[in-house]
Amino acid sequence: MSELLLVGGTVVDASGERVADVLVRDGVIAAVGTRLSAARTLDAGGCVVAPGLVDLHVHLREPGDEEAETIDSGARAAALGGFTAVVAMPNTTPPLDDASVVSSVLARGADAMCEVVSSGCITKGREGKELAPMGELYALGVRVFTDDGACVDDPAVMRHALEYSMSLPGAVVAQHAEDSSLAGGGHMHEGAWSSRLGIPGRPAEAESVIVARDIQLAALTGARVHFLHVSTAAAVDLVREAKRRGLPVTAEAAPHHFALTDECCAGFDPIYKVHPPLRTASDVDAIKAGLADGTIDAIATDHAPHAPEAKERPFDQAPPGMLGLETALALTLTELVEPGALTMRQALAALSWQPALIAGIADRHGGPIEAGRAANLCVIDPAAAWEVDANRLASRARNTPYAGRKLTGKVRHTILRGEAVVIDGTATR
Ligand SMILES: [Zn+2]
């Protein structure tokens, strides 16, 4: 029998908040209350005890690019970031378009430091032409289907995928909304900064035309659509209107799309290159407003590790993407909660229970924190101030754009299936 008592924290979940101790026994929450005792205790004084965070969007790079990240190293970074579940994106080599590849990712993730949920491709080879064997992948537990890294450009293929997903209860088609022909050849947001720097741009419309189109396809088919890493004010407006009409659409935003702008590219440092690109200050304001009013359901990292030599290439040759797992919570607290744009509970909704629902894992992640539920939890010290040190990240890669940035709020403990995998900010295995 394993037993653990989280003492003196404020328990926050979808149902509210209260000061209480949380007793964990054999992987399950045994009791929430006062005057509990256990053989082993972890201090949670001054901290928030929340359901473990859930990241809808991570690139673990395995199989194929283990130099940048592995399932193990990515899951370790996730646990240190407070995540108890991550959805692995399918743009590996080979891609996750085949039952044997998905099975091997799930097997590799089985004893990782967070639950590794596999996405599956929408189309074979992520080529946007022929549907992947979605039914076979679904049978393995896949619920999130995406060609992430690539947009499903062909509307007929997207319609076909949505229609097929209707036969798979709980499945969702997640779109990387960037029209390939409009965004192609661009390396940053198309606007005043791209003109000044002479870097070819990716216009905001590359995102909004696909979001507008796929909202119409959701209405046509009745199928769920999830928009990955929404980055523009226009896309936020479209999703808000679609939700007002009652359409089954959800959206996520990445921390870099509320914490950074295209001006960051002024020094030609490819650390700031990402798809979709960093946008303008008014887009950042729209992302914040979308999170505040619930238009954007989730904060997802788009954690995208790259080996150092790849990110040392010139801006136009470097691969897009940046690390996110170990800084997402602190960026959310520092950029959104501290200034009053979101409450702590809204932030945790976007980082935990709402993404758990979208990913189809709400039976075991995202709370509520009550007896009988799986003990996937994180304990957050909201007042801890720290500075990001790229050399102290658990990720194999070093491509964080936040090195040297001072943040407030830190993960203290992470509990996975009842086991403390992070204690006082340190991984236990
Ligand atoms: Zn993407």
Side-chain angles (χ1 to χ4, degrees), residues 55-61 64-65 68-69 74 86-93 95-97 117-123 125-128 132 142 144-154 157-158 161 172-184 186-189 202-211 213-214 225-232 235-236 239 249-258 260 270 272-279 283 287 296-306 310-311 318-325 328 355 358-359 397 399 401:
D55 193 344
L56 286 169
H57 197 141
V58 302
H59 299 275
L60 296 179
R61 304 302 189 207
D65 191 10
E69 197 78 285
V86 298
V87 180
M89 290 293 107
N91 56 337
T92 48
T93 313
L96 306 180
D97 65 353
V117 178
S118 182
S119 68
C121 291
I122 298 170
T123 67
R126 300 170 46 251
E127 288 176 350
V142 171
V144 178
F145 291 89
T146 177
D147 279 359
D148 184 52
C151 181
V152 179
D153 285 309
D154 186 326
V157 172
M158 187 65 177
V172 62
V173 176
Q175 176 71 289
H176 175 123
E178 274 195 302
D179 180 275
S180 303
S181 55
L182 278 173
H187 303 290
M188 66 174 290
H189 173 67
R202 302 167 83 86
E205 289 73 12
E207 178 172 275
S208 54
V209 295
I210 295 294
V211 171
R213 182 200 80 180
D214 287 355
V225 176
H226 177 69
F227 294 109
L228 302 164
H229 44 48
V230 165
S231 65
T232 61
V236 175
V239 172
V249 301
T250 54
E252 67 184 36
H256 47 265
H257 287 130
F258 61 71
L260 303 170
Y272 298 106
K273 181 174 176 179
V274 62
H275 294 167
L278 303 178
R279 303 288 186 184
D283 292 305
I287 297 295
I296 299 172
D297 303 85
I299 295 169
T301 65
D302 195 5
H303 178 80
H306 289 289
K311 272 293 194 183
M322 47 184 68
L323 300 183
L325 283 167
I358 291 167
N399 55 308

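The model shown is predicted, which means the values in this text are computed figures rather than measured ones. Just so you know, ligand 1 is whichever comes first in the structure, and atom 1 is the first atom listed for that ligand.
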Using distance alone, with no hydrogens and no angle criterion, decide if S231 and R279 have a side-chain donor and acceptor under 3.5 Å apart.
yes
Do you see a donor-acceptor pair shorter than 3.5 Å between the side chains of T250 and D297?
no
M89/H176 under side chain to side chain contact (heavy atoms under 4.5 Å, CB included): CA gap, chis, key distance, verdict
CA-CA 11 Å; M89 290 293 107; H176 175 123; over 6 Å; no
Compare all side-chain heavy atoms of E207 with those of R202 and state whether any distance is below 4.5 angstrom.
no
What are the protein N, O or S atoms, given as residue plus atom name, that sit under 2.8 Å from the Zn ion (ligand 1)?
D148 OD1, H176 ND1, H229 NE2
Does D302 reach the main-chain N or O of A254 with its side chain, forming a donor-acceptor pair under 3.5 Å?
no
Would you call the rings of H57 and H229 parallel, tilted or perpendicular, where under 30° means parallel and over 60° means perpendicular?
tilted
